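Report on the following structure.
Fair warning: this is a prediction, and the values are worked out from it, not measured in the lab.
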Amino acid sequence: MPSIPFAGPPITQLTAAPHRRHHSAAAATASGDTSTSVEFTYNRSIPSIRWPNLNLDEYSPSPPHPLLPSSPSAPFSDPPPDPEPLPSPSEPLEPLDSKRSRTRVKKLNKLALKRAKDWRERVELLSGRILALGPSEFVADVLDARAVQMTPTDLCYVVKAVGRANWRRALEVFEWLTLRRRHAPGPRLLSAILSVLGRAQQTQLAEEIFLRCADPEANPSASAVQVYNAMMGVYARTGRFHDVQKLLEEMKSRSIEPDLVSFNTLINAKAKAGLMVPGSVCELLQQVRNAGLRPDTITFNTLISACSHTSNLREAVEVFKSMEASKCQPDLWTYNGMVSVYGRCGMALDARRLFDELGQRGFSPDAVTYNALLYAFARDGDVGEVERVCEQMVRAGFKKDEITYNTMIHMYGKKGRLDLVVGLYHEMRQDGCRPDAVTYTVLIDSLGKADRVVEAERVMGEMGEAGVRPTLRAFSALICGYAKAGMRNEAVHTFELMQRSGIKPDNLAYSVMLDVLLRSNDVRKAMMLYREMMQHGFRPDKGLYGVMLGVLASGSKNDEISEVVKDMEEFGISPQVILSILVKGECFFKGAEVLKHAVDQGYEPERHSLFSILDAFVSSGRHAEGHDLLEFLRKHAPNSQSLIAEATIVMLCKDHQTEAAIVEYYKMRMCSLESIGSSYSMYEILIMCCEETESLYEASQIFSDMRFLGLEPSQKIYESMITSYCKMGFPETAHHLVDLAERAGITINLSIYVSLIETHGKLKLWQRAENIVEKLRLQSSVDRKIWNALINAYAANGRYEQARAVFNTMMKDGIRPTVDSVNGLMQALIVDGRLDELYVVVQELQDMDFKISKSTVLMMLDAYARVGNIFEVKKIYHGMKAAGYLPTMHLYRSMITLLCRGKRVRDVEIMVTEMEGIGFKPDLTIFNSLLKMYTGVEDFKKTLEVYRKIQEAGYKPDEDTYNTLIVMYSRDRRPEEGFSLLNDMRKQGLEPKMDTYKSLLAACAKEQLWEQAEELFENMRSKVCIQDRLIYHIMMKIYRNSGDHSKAENVLSLMKEAGVQPSLATMHLLMVSYGSGGQPQQAENVLNNLKTSGMELSTLPYTSVIDAYLKKGDYNLGITKLQEMKRDGVELDNRIWTCFIRAASRCEQTDDAMALLNALQENGFDLPIRLLTEKADSLVVEVDRLLDELGPMEDNAAFNFVNAVEDLLWAFERRATASWVFQLAISKRIYRHDVFRVAEKDWGADFRKLSAGAALVALTLWLDHMQDASLQGIPESPKSVVLITGSAEYNMVSLNNTLKAYLWEMGSPFLPCKTRDGLLVAKAHSLRMWLKDSSFCLDLELKDAVSLPKTNSMKLTDGYFMRAGLVQAFKDIHEQLGRVRPKKFAQLALLPKETRDKVMKTQLERSKEKLEKMKKKGLVRARKPTIFRTRKFMRRRHRAHEMATQGS
């Protein structure tokens, strides 16, 4: 073997030991040897040992992943050599590295050919022996033995053969050759070892060898093109295009002419570096031709492969055509590349077409072809085609390889079919296919996307155990999985581990990690990573910029925001893009600054960004800044005025300034309708705001403008307008819009159909509601809401049967009715007034397992409350409490209002206390109900207490409050306070009700405040035209009582002027006015006028005239008018009977009374005279029958008749008869059953509205009952006994004074109430003692006199109806002593007149003496005047003045 002289120094000087040994605990397998031994490691291949001066201690050429420890039971094998076929569908071609030699062998003679066969055997023998060495054995042991003779060329092949199995042994062979054999490495040996190191990814070792051995000064023979090509191939493998380009320039500078392999390597490096921009493929092809080289098949295949990487179909087709034009025959790799290009560009059918044409072109598809076609269909997600291609591939004799499995795993991973992904992974391993980095990366990515991060982490561990070094994509996939699962710490740890492993993050890794830090709100670390990312030439995309700015904005990191914005500007991003990113990141206020800056540079504002910024101003309450921005834009963006106007309207709408937005809209509309703009968003938000603020007609106008401009409404606009028209009561228009929307292909929300159906129901158009539901049923199944709406439509019309039919249909269709369905049924019954069926339906529903809800119970309660059924309301209320339903404020309000209407005082007070006990406070509605109740029962003290509570609670009295209080003061005969409240009410802009005026006028009449009444009447006339006849009647009564009959007649004229025609009642009042004034002739004139007017007359006007004559004492004229009425054809009725009986009861002489009663007898009514003259037993049946006849008659006919009869019977001492007539009236419900009561702790009486005679009968009966109770001890009495007499007069008789006179005469313990008129109160103990011991109470039995007295036993004096013999004594006592106690009055009244005068005189003298003594001692104090005393004093003065005026 010829020796080669050593031309330079050795690469590295060795120490004394020829070789260093490094033992490892891990096992290794070498060249098929299955024996277990220590792993061989060539120490000179470790960079830290090889180059200690470079400080590379932390570098490891192929370190296992720290997270993935290898199993101690698994042997560690050397990294396998690069596969000859394509490693993945993304890299189908590697033309430079796939061929073992790119040089052309020279032709050999026969001897050389024989030797060539020998050298192959020698190379295989020597290579086999080297690879068979154990870890503790060395290459020198084989090479030094010189078992075979080798030439330098043979040794080059040995390096290549060994390098394909173990790059470390190959490097050891190379070192032995250069150091021990003492010859310089030639170009072939250098290119061989560089290729081996390039395949093993040992770039730094290759660089060191290239720099030292390829030095042209030290080794000129090594400076060959093939050495440079080999080093360029090393760089090309890792995509270091710029280093390849530098070597190419270096070759040119050293006069080494690049060959075609050099350019092919350059193309491959640029493709792997990802620098193939559009157009660069054709430029590279032209560059090859410009160098004077003819592109070969490898050149074209490499370019097509580059186009495949970038999915550049256009240039791939051009290269293919150029290849055919240059008569360069395409090979299978060419077609494989084209199939890959079509597949990557999403043109799977074209890829299939080209695949099918291979046979016609003389080629048979190989595994690469099938994998490329498989990838094409997998990219489109065509699972069926993928499986068919896979089956075709297997039938063709090709086994599924790693690329096949990777392609299918990736496809199923994108579809989320993890079960298939995992299954293919296990099948791949079972088939003996070794998963590569692509397999693991796809599997990790798929598991991470499915939130199965733990399994993804386990796969990463399996990747390390399999000896596959995790790639950047694998790390990125795992980091993404951690990020998606929210495992921030794990993501950060994995990112840091990736960096420590020597893997530099790319833009994706940086972006994912930055997103993780931002979403965990770690701003400090995020900004550090962002700055590092920027230093390495990467930058986030727009979306990540938006997230980043959003996080910074939420933390108010204004400086960092400015830094990021500045970076974007330096990158050349336009202001509009920056603005959109700021808006996406919600940095609106910084965005406003950028917007102003952009507008200054001539940019027009963009709609989305402008509206987003304005939304931010509105939501933060910075409205002024928003308007300032719009004003700035108006001045500096003249071409965007329409957009600015729309933005102004939208901003006002979102600020809930609907009126201002409408004004702005109409300003634009006045200029030009077309200038309004065509923004759907503006119309949408404006119409929706109008709907919310009930500006429905404005919404309709805006909608019309929109349609006029030809803008098709959106779904929201249609729905808003349909709702608006429903609210306006135009369901037909709303239904028309529904039809328009359906024709436009817009699906209307079912809630809109619900509103439409309910609106038709409210307007009694339930048939249209039925049609809508039927139409919906034809289109699709109807849901529960639509059925409920139809039930409610039927309910609004009270159509229970139809509602129940819908209810049954729901159940038949499997739709369970809800509470709303049940409530609809109940509402239908309520509207139809069928309350008696509510409980029946409730029972039916309960039998059907429906639970009756609280809302249903409340609905029933409200229904019974509206009809005033207190019993049912209370029953439901107690049932609710028993069922555990807590009462609501609405329930309390309804209950209290109802009970107040029913004047259930005790129940109301209990409920108010209960309500306050659970935390509810009465509102103004409840307080007003209490005011009305207490006013109705005339408990005026509590009424004022309620008013005080209203003021303490801070409520402002409303119209009901004032009206009730004025009525209360009027009924309490305190019109002065009523007038004061009336003035306060008017100051607040409230106008009293007509009933309030009536009450106040009536109070003035009772208190004889004629001037105030007249002033109030004139005030009313000045404001409104009074149409209420009753007010005129009250004024006529006032003038009648005041004696000013001319004004009463003037009221009649005013009444006619107001268009109110006088009725018979009006004329009756006028005649009564004349009659009470002692002018019966004037009353008769009115009657005559009525006769002449042709009006059909009843007994009412005749009664007025007759009563006027009878009151004046002209009994004969009264009888004459009776006969005249008879002649006029008017039959006697209850009015005439009552008039004559009442007049007879007041006759002083019995003969006069009998004459009047005889007149009735002569005219067919003899019952009154028979009651006086006959026995009572024979008349009971007749009286009973008569009362039955009078009961249904109007004007309280029976009541007035019985009152008159009671007066007559009492006056002429037929008191037993009066007693049974009274009790008969109670049984007939003419009198109340509780007119008096003697019950357990409830003794009391209420004689209001009774006549004097009836009240005296009732009083006597009551005293008799109380006497029995006092003697027997049961029922027990209360502490005080109250007798209600009232303060009103009945037929000019004061019931209060009459009863007081009777009780005073008896010396009873009843005394007037000090706080309220019309009440007599007695202490129960005193009353019982008096009933037991008083001589007046010895015989309380009512008896008839044996015979009629000659004179009336009662006498009417000053409004008193008292015993005739008591009149003089009553006058004497009151004139001399004033008010005295009943007991003293009874004592004085029984004394003879002379004795009585002496006693009273003596008492007066003693009182004067006592007063003088007290004055001397200074014990007398002036009594403080009170309102009560002042009012009484003023009344007395007024009466005295009136009497003096009449006397004059």
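- Of all heavy-atom pairs spanning Cys1337 and Met1306, the tightest one is SG-CE, 4.3 Å.
- Contact check for Asp1268 versus Val1238: no side-chain heavy atoms found under the 4.5 Å cut-off.
- We find the CD1-CZ distance between Ile1031 and Phe1017 to be 8.0 Å, quoted to the nearest 0.5 Å.
- Using modelled atom types, no side-chain atom of Thr1285 and backbone atom of Leu1295 make a donor-acceptor pair closer than 3.5 Å.
- Contact check for Ile1226 versus Val1235: side-chain heavy atoms found under the 4.5 Å cut-off.
- In this structure, the side chain of Glu1206 does not engage the main chain of Ala1252 through any donor-acceptor pair within 3.5 Å.
- Side-chain contact check for Val1321 versus Phe1310: every heavy-atom pair is 4.5 Å or farther apart.
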Decide side-chain contact (heavy atoms from CB on, under 4.5 Å) for Val1257 and Val1221; before the verdict, give the C-alpha distance in whole Å, the side-chain angles of both, and the deciding distance to 0.1 Å.
-> CA-CA 10 Å; Val1257 172; Val1221 171; over 6 Å; no
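- Judged by distance alone, with hydrogens and angles left aside, the side-chain atoms of Asn1352 form a donor-acceptor pair with the main-chain N or O of Met1354 at under 3.5 Å.
- No donor-acceptor distance shorter than 3.5 angstrom exists from the side chain of Gln1149 to the backbone of Thr1351, with no hydrogens or angles considered.
- Within the 4.5 Å cutoff, the side chain of Leu1271 has heavy atoms near those of the Lys1332 side chain.
- Between the side chain of Asn1200 and the backbone N or O of Asn1196 there is at least one donor-acceptor pair closer than 3.5 Å.
- The aromatic rings of Trp1137 and Phe1165 lie parallel to each other, their planes meeting at an angle below 30°, with 60° marking the opposite boundary.
- Between Phe1222 and Phe1236, the ring planes lie parallel to each other; the angle is under 30°, not in the 30° to 60° tilted range.
- Contact annotation: the side chain of Met1266 never approaches that of Trp1330 to less than 4.5 Å [non-hydrogen atoms, C-beta and beyond].
- The closest side-chain heavy-atom distance from Leu1331 to Leu1263 is below 4.5 Å.
- At a cut-off of 3.5 Å, with distance as the only test, no side-chain donor of Tyr1109 or Asn1116 sits close to an acceptor on the other residue.
- Closest approach of Tyr1231 to Leu1250, counting heavy atoms only: CE2-CD2, 3.4 Å.
- By the 4.0 Å N-to-carboxylate-O rule, Asp1188 lies too far from Arg1185 to be salt-bridged with it.
- In this structure, CG on Asp995 lies 11.5 Å from OG on Ser970, to the nearest 0.5 angstrom.
- The closest side-chain donor-acceptor pair between Gln1223 and Ser1219 falls under 3.5 angstrom.
- Side-chain N or O atoms of Arg1170 include none that pairs as donor or acceptor with a backbone N or O of Leu1179 at under 3.5 Å.
- Formation of a donor-acceptor pair under 3.5 Å by the Ser1227 side chain with backbone atoms of Leu1224 is found in this model.
- Residues Ala1269 and Pro1275 share a closest heavy-atom pair of CB-CD, 3.9 Å.
- The CD atom of Glu1213 lies 12.0 Å from the CG atom of Leu1209; values are rounded to the nearest 0.5 Å.
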Might you work through the side-chain contact (heavy atoms from CB on, under 4.5 Å) test for Leu1171 and Leu1208, ending with a clear yes or no?
-> CA-CA 9 Å; Leu1171 286 172; Leu1208 177 66; over 6 Å; no
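- Judged by distance alone, with hydrogens and angles left aside, the side-chain atoms of Asn1158 form a donor-acceptor pair with the main-chain N or O of Met1154 at under 3.5 Å.
- In terms of modelled atom types and a separation under 3.5 Å, the side chain of His1265 and the main chain of Leu1261 share a donor-acceptor contact.
- The pair Asp1195-Arg1135 meets the salt-bridge criterion, with a side-chain N (NZ, NE, NH1 or NH2) lying under 4.0 Å from an Asp/Glu carboxylate O.
- Ion pair Lys1126/Glu1131 flagged as a salt bridge, since at least one NZ, NE, NH1 or NH2 atom sits closer than 4.0 Å to an Asp/Glu carboxylate oxygen.
- A salt bridge does not link Arg1142 to Asp1207: none of the charged side-chain nitrogens sits closer than 4.0 Å to a carboxylate oxygen.
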Could you walk me through whether Leu1122 and Phe1140 pass the side-chain contact (heavy atoms from CB on, under 4.5 Å) check?
-> CA-CA 10 Å; Leu1122 175 63; Phe1140 272 82; 3.6 Å; yes
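- Across every non-hydrogen atom of Leu1348 and Phe1212, the tightest pair is CD2-O, 3.9 Å.
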Kindly indicate, with the supporting measurements, whether the criterion salt bridge (Lys or Arg N to Asp or Glu O under 4.0 Å) is fulfilled by Asp1317 and Arg973.
-> CA-CA 9 Å; Asp1317 290 343; Arg973 304 181 72 169; 5.8 Å; no
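- For the residue pair Val1130 and Ser1098, the shortest heavy atom distance occurs at CG1-C, 4.1 Å.
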Please test Val1060 against Leu1054 for side-chain contact (heavy atoms from CB on, under 4.5 Å), starting from the C-alpha separation and ending with a verdict.
-> CA-CA 9 Å; Val1060 181; Leu1054 295 176; over 6 Å; no
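- To the nearest 0.5 Å, the span separating CG on Asp1184 from CD on Glu1189 amounts to 10.5 Å.
- Atom CD of Glu1148 has 12 or fewer heavy atoms from other residues, nucleotides or ligands within 6.0 Å.
- Residues Phe1201 and Leu1190 meet the side-chain proximity criterion, which asks for heavy atoms closer than 4.5 Å.
- With respect to Arg1215 and Asp1344, no salt bridge is recorded, no charged nitrogen being found less than 4.0 Å from a carboxylate O.
- Between Ile1169 and Asp1166 the shortest heavy-atom distance is CG2-O, 3.2 Å.
- For the salt bridge (Lys or Arg N to Asp or Glu O under 4.0 Å) with Glu938, the lone residue among Lys903, Arg1248, Arg971 that qualifies is Arg1248.
- Side-chain contact between Leu1172 and Leu1157 is present, with at least one heavy-atom pair separated by less than 4.5 Å.
- Residue Lys998 places its NZ atom among more than 12 non-hydrogen atoms of other residues, nucleotides or ligands, all under 6.0 Å distant.
- Interatomic distance, Asn1296 CG to Ile1284 CD1, rounded to the nearest 0.5 Å: 11.5 Å.
- The residues Asp1242 and Arg1237 are annotated as salt-bridged, a charged nitrogen and a carboxylate oxygen being separated by less than 4.0 angstrom.
- Here the straight-line distance linking atom CD of Glu1162 with atom CD of Gln1123 works out to 7.5 Å at 0.5 Å rounding.
- For the pair Ser1353 (side chain) and Ala1211 (backbone), a donor-acceptor distance under 3.5 Å is present.
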